[in-house]
Amino acid sequence: MFRDKLSVLLAALLLSIAALGSAYQASPKLVVIIIIDQFRGDYLERYHQEFGPNGFRAFTDRGAYFPACYFQYASTRTAPGHASIGTGAYSSAHGIFSNEWWDPAQKRMVSSVEDASTKLLGADAEGIGASPHNLLAGTLGDELRLATDGQSRVYGIALKDRSGILSTGYSANGAFWIDRDSGAWLTSTYYMSSAPHWLLAFNGQGSAKKYLNLEWKDSDGTVLGSTAPRDSDGGKPLSYYEMVGSTPYANDYEFDFARELIQQEKLGHGTVTDLLVISLSANDILGHQVGPDAPQMRAMALAMDRQIGDFIAFLNQQYGQGQFWLALTADHGVAPLHATDKHLSIPSDSRTDPEARAQLNKAIGARLHKSGDYVRALSSPIVFVNNEAFPPNLSEAEDETYVAEALKSMGYLGAYTKEQMGSGELAPTPLGHLYLNSYSPYGGAWVMGVPTPFSYAPSGKAIADHGAPYSYDQHVPMAFYGPAFKPGVYREQVEPIDLAPTLAVMLGINKPTSATGRVLTEAIAQRSEAPVPAPPVPRPHPPKEGHP
Ligand SMILES: [Zn+2]
């Protein structure tokens, strides 16, 4: 009798749990964040008429589209950009302020993700691995993993290690990038003890070679590039990264790998939401070589439009319409070419890093009455200060001040020392605010110069660059696609750090630890338009007897 009552009770309970489960169906099977490396926000407008119906237009015409999205910090580079998107916060919170910096302990420049305690996996590639060990903040991926007791799976893909790693965070199941010479896909021992069998098979079956020896042609047949193996101007063979990486074939290669990952790891086929971040690196590699207004950049954007459309079709076929969410953004924009500035009578400074370094040393040497190399490294407009060259009675902060004064004497609009930024001694101006957001405790002693607008340092083949605190470098796309979003064009200014907190609230999870972005509530579909989003929690265990 008692047993019967109990089983009825249990059945009712299970039913109610199942009902709860059905309300949870708003949680997507998979969230895909597409980050395009060096894709300025205005490109979506510039080529809108030429795009097909199912690529970028899924976002701009049928999604929630924010055409005025600007990073509000100064150092607009790849590593800080990806970290900011993942954490919903700026460098002052996540620590990543540059692609590389001086490591006082190792006495050398290090990349933002290299990690001597890890090894590379996936190919014969030698050398140390990479990890998010420098991140000082959690990510959207981390929160998804925490909310589901690790059941949600989180992956990142990019040609560049820093892009897949910093956008996904500490607890990601894997980040994948390519070996620059061979094009083989890699990961590191930070994520797993050995490379997945499917990755080794993918590398082994000539997936990278498929894109060698191809011509890249415009729609009218004009040859825009080639992936035929050849030597660089310096006589060294060009790497896969440079050859294929500067053509749309690199995006094909990344999407090939993304499809393989989705199918092999059965992403989006568990009981909870999975997250995949795909950073398309080719736009940046090409963009540095030709500048934003070259015909190649238009052709790259149109190719990407088709590639993204094909990928959305693949997701539709994998999960069914409305079962996945997409977000689109970029890590930074890019400055117009100096040649363009000249043509339009726009003043800009085209000093190279070696020229600036010589001028810095001259100016500081004159003030200290002692010639020396006062600069450890220059990654314009960041100067890493060589304290050892300065008189020993000066503090690090004083050394930085000498560099800042020298930068101002060289025509920079201003210069902020790490000491000033760290202690909050910045002018309470919009510009000061941008620099405050780019502070980091890493990198030894350094100074950020404030270049005049449109200024950047060309170097070798890289005739275009980014990294300034100005609109052209800060402007990126921001758009969402999926049933949880209210289609429309939202013209209020937003920031890339809004992406993570917005997705977090829609998924019913905590926002990333240090996120300061705004939830873009205006773009969230009302309950009547879409089922209520609910947490992607694993199904609770049935209650045990005696513990109602
Ligand atoms: Zn770049």
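Bear in mind the structure is a predicted one, so any value in this text is a computation, not a measurement. Both ligands and their constituent atoms are indexed starting at 1 by order of listing.
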Practice prompt. Sequence neighbours left out, what passes side-chain hydrogen bond (donor to acceptor under 3.5 Å, both in side chains) with Q359? Give chain and number order.
Written response: R351
Item to complete: Report the residues that fulfil side-chain contact (heavy atoms from CB on, under 4.5 Å) with S246, sequence neighbours left out, ordered by chain and then residue number.
Response: I285, L286, Q289
Worksheet item: Listing by chain and number, what protein N/O/S atoms are under 2.8 Å from the Zn ion (ligand 1)?
Response: D284 OD1, D284 OD2, H288 NE2, H466 NE2
Worksheet item: Are Y240 and D179 close enough that some pair of their side-chain heavy atoms sits under 4.5 Å apart?
Response: no
Worksheet item: Excluding sequence neighbours, so at least two apart, what forms side-chain hydrogen bond (donor to acceptor under 3.5 Å, both in side chains) with D142?
Response: T139, S171
Worksheet item: Considering only heavy atoms from C-beta outward, does the side chain of I308 approach that of F56 to under 4.5 Å?
Response: yes
Fill in: Trace of the side chain to side chain contact (heavy atoms under 4.5 Å, CB included) decision for S163 with W177
CA-CA 8 Å; S163 305; W177 59 92; over 6 Å; no
